[in-house]
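Chain naming here is simple, since letters A, B, ... match the order of the sequence lines and numbering starts at 1 in each. Values reported hereafter were calculated over all heavy atoms of this structure, with side chains retained and with hydrogens, waters and symmetry mates removed. Here the structure is a predicted model, which means the values were calculated and not measured.
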Number of protein chains: 2
Amino acid sequence: MNYFSSDFKLGILGGGQLGKMLLFDTRKFDIQTYVLDPSEEAPSKIACNHFVQGDLMDFDTVYSFGKKVDVLTFEIELVNLDALVKLEEEGVPVYPSPKTLKLIQNKGIQKDFFSQHNIPTAAYNRFDTTTSLKTAVENNKLSLPFVWKCTEFGYDGNGVKVVRKATDLDALPNVECIAEAMIPFKNELAVIVCRNPSGEIKTYPVVEMEFHPEANQVEYVICPARIDDAVAKKARAIALNVSQQFHHVGLLAVEMFQTEDDEILVNEVAPRPHNSGHYSIEASYTSQFENHLRAILDLPLGNTDSKVAGIMVNLVGSEGHSGPVVYENIEKILGWNGVTPHIYGKKQTRPFRKMGHVTIVNEDVNEARKIAEQVKNTIKVIS
Amino acid sequence: MNYFSSDFKLGILGGGQLGKMLLFDTRKFDIQTYVLDPSEEAPSKIACNHFVQGDLMDFDTVYSFGKKVDVLTFEIELVNLDALVKLEEEGVPVYPSPKTLKLIQNKGIQKDFFSQHNIPTAAYNRFDTTTSLKTAVENNKLSLPFVWKCTEFGYDGNGVKVVRKATDLDALPNVECIAEAMIPFKNELAVIVCRNPSGEIKTYPVVEMEFHPEANQVEYVICPARIDDAVAKKARAIALNVSQQFHHVGLLAVEMFQTEDDEILVNEVAPRPHNSGHYSIEASYTSQFENHLRAILDLPLGNTDSKVAGIMVNLVGSEGHSGPVVYENIEKILGWNGVTPHIYGKKQTRPFRKMGHVTIVNEDVNEARKIAEQVKNTIKVIS
């Protein structure tokens, strides 16, 4: 198949920042792109050849979009799965496959998959509704505390809640959910795995998510993770196994806990380019986006090693600011060594909205960490 | 000035591959872009916010385009200079300035500028026409051999000819020209300088243009150049001086000869992102394109150091092939370490047309050089 400067058409479901960054690399390869997104102001709109505005959860919209393209991928999991199944049945290559997506989209099914395939994960119980979970607690069938997770449509901490007493459940929506054992962990880690239809498979180095000591929020994604080599090796082996068990094609981000006794437990997976891999644009020989593209086109995968250490800081809207966005002090941070902002192109800021990220690269990870902290304390996303 | 996600408008004259690669970085910063180019199939068309089709040499077209934007730059020197002068007079920031462009656009004036500012360069004589040059040769006022260069509109070797006997001149166009002393040189080098309106200035490392031993054509651009540190230091100092003398804003590519006795002579300059800086996308902390953008917006300049060694191979159309392009064996080279193709997006190939380039990065420049040679011998641009 000749992809480059040809009539070949790649379709992408979702036109957010992940799609926008993926589209950079389609430009480099001169691949024709089609994007479907509900928003007229989608960040990807500017970077694709053809933009279609439409609902990603609507069967007909996704199906007729998919029929126009030669290969279909997605940058968001919340898409109409039935349409993907039908497209695949009718011969449109869909990567990752809807079979894989089906196992991932629902966190209960995802956890069952881990259990059935001996993938280490925290103990859990599935419940049809939060009400039935509450009944189990009241009947002492489940001990407190635990982590409540809704099985569908949660993202970015939304849909996850630590439950310390039964009444904590009252404020939660009455939806399908799981109760997961709380894991005392040293570190939250992630490994991005890349696999093509021919079965070539590579992992990126282990990254570390450093949390704010008070607010329960990821502050820095650090590559390489500051952990023992043996732990890193184990984490990469487990991530590789997860991708293979799913017969996954494209990128799979595997989020993990490093427990107090250095066990690795898989927390959850995302079947697409991931926030924890943004550092790769500046730090890696091949960015996660280029490797996703290589994978879904069944091209050889690029080198996942790092040229230098990389740290990512998310740029989220400050509290108390809604309206046209201003990046305060961005000129200042541009003057520091190895600092590159990525602005996603959203015109309006809102509290905690992901507006961009900043990558800090340096030969020395500790030096990068210092600069990252200065960046975090300097730039403000306001209106 | 707030550039990011605002109503600020950047105009770019020329929509070729240089503009296309510059536009990648405007995306990252979410800057609104306007591009003017005569071709409906310009590579930049896909990557900008607003595309205007029109003649870059036409006063009215350039002037009215310039009036629409807040800052104007160009990716090709062959633009209507009078329009730029008028726009600058009327308060539109034009970077590089038309005053600088005027000194560069005509190679005779450029050489005079070097002489007047003690910038080392090969000896030369200016002539109104090739005929008057021929008369000088016939009257023994000029000794053979020498290098004939037309002063305007030449590029990529076009407009340059080694003259060994008087009759060699007969085949040349009768235009304004210079006759330049032939310099026996060890190496052709280049240094890209970056300068912002506030006067902050940085040079990239010295690169080496390695020529094919038989065909007189650059095969590889190698960073860092495999030369002595003292020579590299001298070359960077001279390039810095050239940019300062021009009061240049933006990128200035300074091409130089390293003579047999390690003197540095400036050959010519280009006031824009340059082929000799393409390696910087993968190898440098800050690519030449990002630094051009930072410079013309008077933002702090990024680090020009390299993360790893980089080598660039041009992808030009093979002889005997005209028509819809095919990149033969591109899948193969994608499988090698640190190899990234950049396809410019031209649908039709012609012999020697620049269709793209390939960057090879590696910690070890000699290893990169080996892989570059394999790339060169493997990929073919055919129809």
Side-chain angles (χ1 to χ4, degrees), chain A residues 1-6 20-21 23-25 27-31 33 43 46-49 200 281-283 285-286 290 294 297-303 305-308 324-327 330-349 355-356 361-363, chain B residues 1-6 20-21 23-25 27-31 33 43 46-49 200 281-283 285-286 290 294 297-303 305-308 324-327 330-349 355-356 361-363:
Chain A
M1 179 77 217
N2 176 34
Y3 302 114
F4 311 92
S5 296
S6 72
K20 187 186 169 198
M21 291 185 271
L23 285 161
F24 288 161
D25 290 312
R27 294 287 124 242
K28 194 164 72 182
F29 291 166
D30 194 33
I31 288 169
T33 50
I46 178 68
C48 61
N49 298 69
E200 189 186 358
I281 298 174
E282 281 81 14
Y285 279 93
T286 314
E290 182 175 332
R294 287 176 178 233
L297 301 180
D298 206 10
L299 293 166
L301 304 179
N303 186 352
D305 292 345
S306 293
K307 299 169 194 166
V308 284
V325 64
V326 174
Y327 299 92
I330 192 168
E331 295 84 355
K332 204 166 170 185
I333 68 163
L334 278 166
W336 299 341
N337 238 355
V339 173
T340 307
H342 290 258
I343 305 299
Y344 297 154
K346 301 171 186 175
K347 303 302 175 205
Q348 303 287 319
T349 185
M355 301 298 289
V361 290
N362 201 288
E363 279 192 19
Chain B
M1 179 76 218
N2 176 34
Y3 301 114
F4 310 93
S5 295
S6 72
K20 186 185 170 198
M21 290 184 272
L23 285 160
F24 287 162
D25 290 313
R27 292 289 124 241
K28 194 164 72 183
F29 291 166
D30 194 33
I31 288 170
T33 50
I46 178 68
C48 61
N49 298 70
E200 188 187 358
I281 298 174
E282 281 82 14
Y285 279 93
T286 315
E290 181 175 334
R294 287 175 178 235
L297 301 181
D298 207 11
L299 293 166
L301 304 179
N303 185 352
D305 292 345
S306 293
K307 298 170 196 166
V308 284
V325 64
V326 174
Y327 299 93
I330 192 168
E331 295 84 356
K332 203 166 170 183
I333 68 163
L334 279 166
W336 300 339
N337 238 356
V339 172
T340 307
H342 290 259
I343 305 300
Y344 296 155
K346 301 171 186 175
K347 303 301 175 205
Q348 302 287 320
T349 184
M355 301 298 289
V361 290
N362 201 287
E363 280 192 19

Where on [X] is there a heavy atom nearer than 4.5 Å to chain B: the side chain, the backbone, both, or neither?
| X | result |
| --- | --- |
| Thr286(A) | neither |
| Asp305(A) | neither |
| Val308(A) | side chain |

Exercise for the section: Could you tell me whether the side chain of Tyr285(A) reaches within less than 4.5 Å of the side chain of Val361(B), counting heavy atoms only? Expected result: yes
Problem - salt_bridge(Asp30(B), Lys346(A)) N-O dist < 4.0 Å - result: no
How long is the straight-line distance from [atom2] of [Y] back to [atom1] of [X], given to the nearest 0.5 Å?
| X | Y | atom1 | atom2 | result |
| --- | --- | --- | --- | --- |
| Lys28(A) | Lys20(B) | NZ | NZ | 10.5 Å |
| Leu334(A) | Arg294(B) | CG | CZ | 4.5 Å |
| Phe4(B) | Ile330(A) | CZ | CD1 | 4.0 Å |

Practice task
Over all heavy atoms of both residues, which pair between Pro300(B) and Gly335(A) is shortest? Give the atoms and the distance, please.
Solution key: CB-CA, 3.4 Å
Practice task
Take the angle between the ring planes of Phe24(A) and Phe24(B) and call it parallel below 30°, perpendicular above 60°, tilted in between.
Solution key: tilted
Practice task
Apply the test side-chain contact (heavy atoms from CB on, under 4.5 Å) to residues Glu290(A) and Thr340(B): give CA-CA distance (whole Å), side-chain angles for both, the deciding distance (0.1 Å), then the verdict.
Solution key: CA-CA 10 Å; Glu290(A) 182 175 332; Thr340(B) 307; 3.9 Å; yes
Pick from [options]: which one has the most heavy-atom pairs with chain A under 4.5 Å?
| options | answer |
| --- | --- |
| Met355(B), Glu363(B), Lys347(B) | Lys347(B) |
| Tyr344(B), Trp336(B), Phe29(B) | Phe29(B) |
| Leu297(B), Asp25(B), Leu299(B) | Leu299(B) |

Problem - Proximal component of Asn362(B), with respect to chain A [non-hydrogen, under 4.5 Å] - result: backbone
